[in-house]
Protein chains: 2
Amino acid sequence: MPVTIRDVARASGVHISTVSRTFSAPHLVNPETRVRVLACAEDLGYRPNRAARALITGRTHNIGLIIADIANPFFPPLIKAAESQARHRDYHVFVADTNEDAAAEEELVHALAKQVDGVLLCSPRMSNSLIEQLSREVPLVVVNRQLAGLPCVLMDVGQGARSAIEHLAGLGHREIALLGGPRGSWTSRELRRAAGVAARAAGAELTVLGPNPPTETGGLAQAEQVRRAGVTAVLAYNDLMAIGLLEGLDALGVRVPQEVSVVGVDDISLSRLTRPKLTTVATPTAAAGRTAVDMLLQQDTDFPRTGRGGGAGAAVGVRRTTAQVMLQTELVIRDSTGPGPYAGPERPGATAAGPGPHRRADPGGPRVAAGDVVAS
Amino acid sequence: MPVTIRDVARASGVHISTVSRTFSAPHLVNPETRVRVLACAEDLGYRPNRAARALITGRTHNIGLIIADIANPFFPPLIKAAESQARHRDYHVFVADTNEDAAAEEELVHALAKQVDGVLLCSPRMSNSLIEQLSREVPLVVVNRQLAGLPCVLMDVGQGARSAIEHLAGLGHREIALLGGPRGSWTSRELRRAAGVAARAAGAELTVLGPNPPTETGGLAQAEQVRRAGVTAVLAYNDLMAIGLLEGLDALGVRVPQEVSVVGVDDISLSRLTRPKLTTVATPTAAAGRTAVDMLLQQDTDFPRTGRGGGAGAAVGVRRTTAQVMLQTELVIRDSTGPGPYAGPERPGATAAGPGPHRRADPGGPRVAAGDVVAS
DNA sequence: GATCTCTCTGCAAACCTTTGCAGTGAAGTA
DNA sequence: TACTTCACTGCAAAGGTTTGCAGAGAGATC
């Protein structure tokens with residue numbers, strides 16, 4: 001039933017190799033023949049079988065996308081952008097969810113290896129050495145993890161943390177807490193390092209709380225600790241935790257931002273919808289997805305795998321690009337940060353922050369909801 | 001470089017067909033040989049090439065998942081569940097995003113058809129007849145659309161709408177608005193139909209506003225209309241629109257639920273995080289994903305495609321299961337609904353709703369945030 | 001001891017496509 | 001006219017796997 005190259009060849013009176021060439025090397029076939037073949041193919045609804053093609057060319061025109069948790073709102077924009085970019089380049093995308101499980105990641109890379117031209121590892125939980133090892137099996141691009149010798153797409157959360165701390169210090173906060181992320185997260189380490197430096201420079205003290213699961217629950221569970229720590233501002237590993245913290249503080253009767261200021265990281269769409277709206281370090285997730293796909297595909301055209309042609313040249317040494325891209329982040333100031341105990345005489349909210357990139361969001365809307373200000 | 005069945009055969013001193021059988025028909029090979037082959041395979045890190053296998057068996061062990069918009073928070077839980085279920089059954093999942101574009105849907109089905117054993121169409125925007133036609137090319141399961149002769153997974157939004165209207169009427173609302181979804185949405189039509197019937201039965205009047213884009217912006221844009229319509233309660237097509245409406249009403253100084261009650265549909269995770277927390281009709285998205293995958297795979301084992309074996313039996317008539325599954329919805333009462341102008345003497349919030357399934361959410365937490373109640 | 005049965009294994013074709021090589025005929029050159 | 005060049009096309013092998021068929025032994029039955 002499914003129409004093959006043979007059917008097209010029969011219908012247009014040529015050999016199958018001519019049909020093949022019509023699609024994969026059109027300049028080698030007579031224009032007249034070409035239009036005839038194309039017409040027949042169109043008529044019959046022929047589409048080349050990519051699996052059969054992959055068998056001989058060694059390129060599947062598929063890529064794999066391995067995600068720690070699809071339901072985490074950080075990832076969908078990345079997936080969407082990556083898929084879109086891949087499809088523009090005529091690639092299809094396998095998506096797999098690991099449930100934050102390192103073992104599942106490894107198994108998935110193995111399972112997918114033969115079926116794809118490369119794999120995107122997003123916020124992996126595996127060890128560096130394992131990733132290194134897997135990269136010998138299939139081309140890898142890593143998102144949100146720095147790894148010597150491998151192509152990586154990173155977001156400059158260090159700069160983001162600095163902006164956030166400077167923003168808070170500028171508002172008059174001197175006791176700041178950092179809600180750490182999951183153990184083994186590169187982002188969490190980086191955040192902690194940069195925030196530490198920035199706090200010291202601003203004459204503020206940084207208390208680290210964690211590690212924590214990178215979820216709403218993780219943030220909520222730390223509300224009590226935050227209050228007990230006596231800090232007036234908190235930088236959370238991500239928005240989800242920041243939002244959980246918002247909830248937890250609300251339940252404890254701690255007002256945000258009057259008593260405690262909260263800053264998140266990621267700028268997921270949700271963060272515009274909480275009350276108060278969340279001040280956060282925006283990470284360019286969509287750009288990261290696009291960039292990662294580009295790097296993967298570039299690597300693949302530079303150093304093709306298997307296939308009949310590449311056998312001799314590829315040789316033993318596994319060459320590859322190891323470009324590392326660092327994407328800019330940006331502090332988005334909304335309503336969850338306000339003046340602290342050491343605030344100057346400036347109008348609250350208009351306080352200048354440090355020199356980092358930041359912008360005030362949603363200038364048109366109602367900045368501070370009435371309900372938040374007069375709450376019990 | 002990549003290890004093939006031939007390498008394993010050589011290493012274990014048997015013919016490739018024996019290796020093949022070791023994996024695909026173990027009972028046909030001598031236990032001793034089997035363990036030897038398996039050991040060699042393990043040693044060499046052999047994994048059968050699924051593309052090559054697909055070429056001859058006609059089954060790819062892949063499925064396609066076509067999604068209107070991955071970034072819409074309704075879908076990720078569905079994707080996650082579907083992917084997980086598929087992988088349990090040893091299937092890999094292509095995910096593709098159509099940007100709500102019908103033409104992209106069609107193109108994707110064609111492009112994927114040869115590479116998958118079936119496709120899940122989630123909230124498709126195509127016409128029924130086109131879907132019908134495409135289903136002759138590749139097995140299809142449709143989610144969120146009822147289509148005679150095709151397997152469908154539906155959520156009982158009709159029941160949900162009824163529960164919501166009865167809940168609102170029970171609270172003393174008589175003037176209710178329905179914020180419609182996008183044109184051509186089965187869910188939207190169903191919602192409207194059921195809400196109309198329920199409103200009539202409850203002696204309430206229903207005003208339909210729309211169609212609207214199924215986004216936060218779509219809801220926000222209708223805030224003015226809602227106020228002008230003079231209704232005291234609104235049922236929105238989905239949570240995203242309800243949340244947008246919440247924002248819009250807040251900007252207009254209309255208090256929720258004191259002046260207007262709002263009910264959403266879907267129970268996306270976001271709806272627990274807004275202020276006030278959203279009352280909503282929970283749809284079982286994860287279950288829908290799992291069920292749809294099961295139906296697709298079931299259909300595929302019942303009526304296999306192509307392949308050497310099935311040629312004679314399959315014949316001309318395209319037989320298939322056409323099971324249609326309707327999943328239950330549930331009204332989740334949170335804080336965005338309150339007593340209306342015709343409320344009885346009951347304690348607000350404890351008002352009994354109609355006989356539909358519903359539950360009061362988050363019994364432990366602070367039910368109504370202080371800030372909401374005393375807001376300006 | 002001959003025959004049959006049964007279990008296991010090897011052989012080779014098939015799936016659909018790509019691609020190096022060789023062949024064909026026409027046009028161009030001497 | 002004879003020869004070369006060139007554009008196009010056909011042939012057949014290859015890629016990794018599955019599977020119907022047949023062959024090889026071993027054990028059982030008479």
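Computed from a predicted model, the values in this text were never measured in an experiment. Just so we're on the same page: letters track the sequence lines, and every chain starts at 1.
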Asks: Just checking Thr4(B): base, sugar-phosphate only, or nothing, at a heavy-atom cut-off of under 4.0 Å?
Replies: sugar-phosphate
Asks: Applying the side-chain contact (heavy atoms from CB on, under 4.5 Å) criterion to Thr291(A), which one of Val143(A), Val141(A), Val153(A) satisfies it?
Replies: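 Answer to the side-chain contact (heavy atoms from CB on, under 4.5 Å) test with Thr291(A) among Val143(A), Val141(A), Val153(A): Val153(A).
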Asks: Is there any salt bridge (charged side-chain N to carboxylate O under 4.0 Å, His left out) pair reaching into residues 10-26 of chain B, and which pairs are they, with sequence neighbours excluded?
Replies: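 Residue pairs with at least one partner in residues 10-26 of chain B: Asp7(B)-Arg10(B).
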Asks: Provide, to the nearest angstrom, the distance between the NE2 atom belonging to His61(B) and the P atom belonging to dT17(D).
Replies: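 Result: 15 Å.
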Asks: Just jot down the salt bridge (Lys or Arg N to Asp or Glu O under 4.0 Å) partners of Glu105(A), sequence neighbours excluded, or say none.
Replies: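 Result, salt bridge (Lys or Arg N to Asp or Glu O under 4.0 Å) vs Glu105(A): none returned.
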Asks: Give each protein N/O atom lying under 3.5 Å from an N/O atom of nucleotides 21-25 of chain C, with the pair distance.
Replies:
none

Asks: Provide the full list of side-chain hydrogen bond (donor to acceptor under 3.5 Å, both in side chains) pairs with a residue in residues 35-45 of chain B, sequence neighbours left out, each pair given once.
Replies: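 Checked against side-chain hydrogen bond (donor to acceptor under 3.5 Å, both in side chains) - neighbours excluded - no pair reaches residues 35-45 of chain B.
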Asks: Sequence neighbours left out, what passes side-chain hydrogen bond (donor to acceptor under 3.5 Å, both in side chains) with Ser185(A)? Give chain and number order.
Replies: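 Tyr237(A).
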Asks: Hey, does Val14(B) reach any base, or is it just sugar-phosphate, or nothing, if we go heavy atoms under 4.0 Å?
Replies: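 Result for Val14(B) = sugar-phosphate.
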Asks: Using the salt bridge (Lys or Arg N to Asp or Glu O under 4.0 Å) criterion, which residues pair with Glu100(A)? Sequence neighbours excluded.
Replies: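 With sequence neighbours excluded, Glu100(A) shows a salt bridge (Lys or Arg N to Asp or Glu O under 4.0 Å) to Arg125(A), given in chain and number order.
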Asks: Can you give me the bend angle of the helix from dG1(C)-dC30(D) to dA30(C)-dT1(D)? Use the axis through the first five pairs and the one through the last five, nearest 10 degrees.
Replies: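 Both end axes considered, the difference amounts to 50°.
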Asks: Only distances under 3.5 Å count here; give the side-chain donor-acceptor pairs of residues 88-96 of chain B to other protein atoms, sequence neighbours excluded, each with its distance to 0.1 Å.
Replies:
residue: His88(B); atom: ND1; partner: Ser84(B); partner atom: O; Å: 3.2
residue: Arg89(B); atom: NE; partner: Asp294(B); partner atom: OD1; Å: 3.2
residue: Arg89(B); atom: NH2; partner: Asp294(B); partner atom: OD1; Å: 2.9
residue: Asp90(B); atom: OD1; partner: Arg50(B); partner atom: NH2; Å: 2.8
residue: Asp90(B); atom: OD2; partner: Arg50(B); partner atom: NH2; Å: 3.2
residue: His92(B); atom: ND1; partner: Gln115(A); partner atom: NE2; Å: 2.9
residue: His92(B); atom: ND1; partner: Arg50(B); partner atom: NH1; Å: 3.3

Asks: For Arg87(B), check salt bridge (Lys or Arg N to Asp or Glu O under 4.0 Å) against everything at least two apart and list the hits.
Replies: Glu83(B)
Asks: Report all side-chain donor-acceptor pairs from residues 22-30 of chain B shorter than 3.5 Å, counting only partners two or more places apart or in another chain.
Replies:
residue: Thr22(B); atom: OG1; partner: Thr18(B); partner atom: O; Å: 2.7
residue: Ser24(B); atom: OG; partner: Ser20(B); partner atom: O; Å: 2.9
residue: Asn30(B); atom: OD1; partner: Glu32(B); partner atom: N; Å: 2.9

Asks: Under 4.0 Å from any atom of DNA chain D, heavy atoms only: list the residues of residues 43-52 of chain B that qualify, in numerical order.
Replies: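 Correct list: Tyr46(B), Arg47(B), Pro48(B), Asn49(B), Ala52(B).
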Asks: Sort and list the pairs that fulfil ring-ring contact (aromatic ring centres under 6.0 Å, His included) and have at least one residue in residues 114-147 of chain B, not counting sequence neighbours.
Replies: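 The answer is none; no pair qualifies.
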